[in-house]
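Input: a single structure, listed below in structure tokens.
Quick caveat: nothing in here was measured; it's all calculated off a predicted structure.
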Amino acid sequence: GSSHKAVVRGGRRFLAMVLPPDLLPYAENFYRRFPEEFLALGSPELEASFDLRPDGSKTRFVSETPVDKTVHITIRRWRALAPAQFHSLSCGAGLAPMQLMCERWPLQRGCTMGSPL
């Protein structure tokens, strides 16, 4: 399983996921083979602009044949959600989606709350 450690960034304290040592070679290979995709999908600010909730609007598709392997990931921007969907997420509290998620589920999805929204 993954573990978390307390980190201070920009004067704010938050929990950060620590990658288990046995997964480090996978992360290194992914970065070496696909650096642009690694940086795009691993950005700490991604949750502020995209719906990455476990039961959210993201989709993924993996297909492997004798000829090739296809990996397709689609993440939707928060502003692409219908106003009713966004309203139900914020419950009228006026909170940004990432702030709301971190308040509801602070130990999941790598909530940082370290960068202003």
Side-chain angles (χ1 to χ4, degrees):
S2 63
S3 60
H4 291 81
K5 69 175 183 173
V7 176
V8 176
R9 184 183 299 156
R12 293 181 142 176
R13 183 180 170 96
F14 63 95
L15 293 177
M17 187 182 108
V18 177
L19 189 65
D22 53 333
L23 291 182
L24 190 56
Y26 289 82
E28 290 171 345
N29 284 336
F30 185 51
Y31 176 71
R32 181 174 46 81
R33 295 170 182 156
F34 307 101
E36 291 179 30
E37 291 80 359
F38 180 85
L39 294 174
L41 293 172
S43 170
E45 293 83 24
L46 205 60
E47 287 92 348
S49 297
F50 295 92
D51 177 11
L52 299 177
R53 297 168 297 149
D55 59 345
S57 62
K58 68 182 183 286
T59 60
R60 61 190 172 111
F61 173 77
V62 179
S63 171
E64 190 165 351
T65 70
V67 176
D68 60 18
K69 184 172 200 164
T70 300
V71 178
H72 184 99
I73 297 171
T74 302
I75 53 178
R76 295 190 63 183
R77 293 185 185 278
W78 282 112
R79 65 178 159 257
L81 295 174
Q85 287 176 295
F86 185 80
H87 180 72
S88 69
L89 289 173
S90 64
C91 303
L95 300 174
M98 185 59 185
Q99 181 182 359
L100 177 72
M101 289 191 308
C102 288
E103 288 178 2
R104 288 189 180 165
W105 307 288
L107 298 178
Q108 296 181 16
R109 290 177 300 289
C111 289
T112 62
M113 293 303 295
S115 54
L117 300 174

Under 3.5 Å, sequence neighbours excluded: what are the donor-acceptor pairs made by side chains of residues 21-35?
unit_1, atom_1, unit_2, atom_2, d
Asn29, OD1, Arg32, NH2, 2.8
Asn29, ND2, Pro25, O, 3.3

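Contact of the Val62 side chain with the Thr70 side chain is not registered, since no non-hydrogen atoms from C-beta on lie closer than 4.5 Å.
Among residues two or more places apart in sequence or in another chain, the salt bridge (Lys or Arg N to Asp or Glu O under 4.0 Å) test is passed with Glu36 by none.
Between the OG atom in Ser63 and the CG atom in Asp68 there is a gap of 7.0 Å [rounded to 0.5 Å]. Interatomic distance, Leu41 CG to Ile75 CD1, rounded to the nearest 0.5 Å: 6.0 Å.
For the residue pair Thr74 and His72, a side-chain donor N or O sits within less than 3.5 Å of a side-chain acceptor on the partner.
Asp51 contributes no side-chain N or O that, together with a main-chain N or O of Trp78, makes up a donor-acceptor pair within less than 3.5 Å. In terms of modelled atom types and a separation under 3.5 Å, the side chain of Lys58 and the main chain of Arg53 share a donor-acceptor contact.
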Practice task
Go through Thr59 and Ile73 one step at a time and tell me if the side chain to side chain contact (heavy atoms under 4.5 Å, CB included) criterion holds.
Solution key: CA-CA 6 Å; Thr59 60; Ile73 297 171; over 6 Å; no
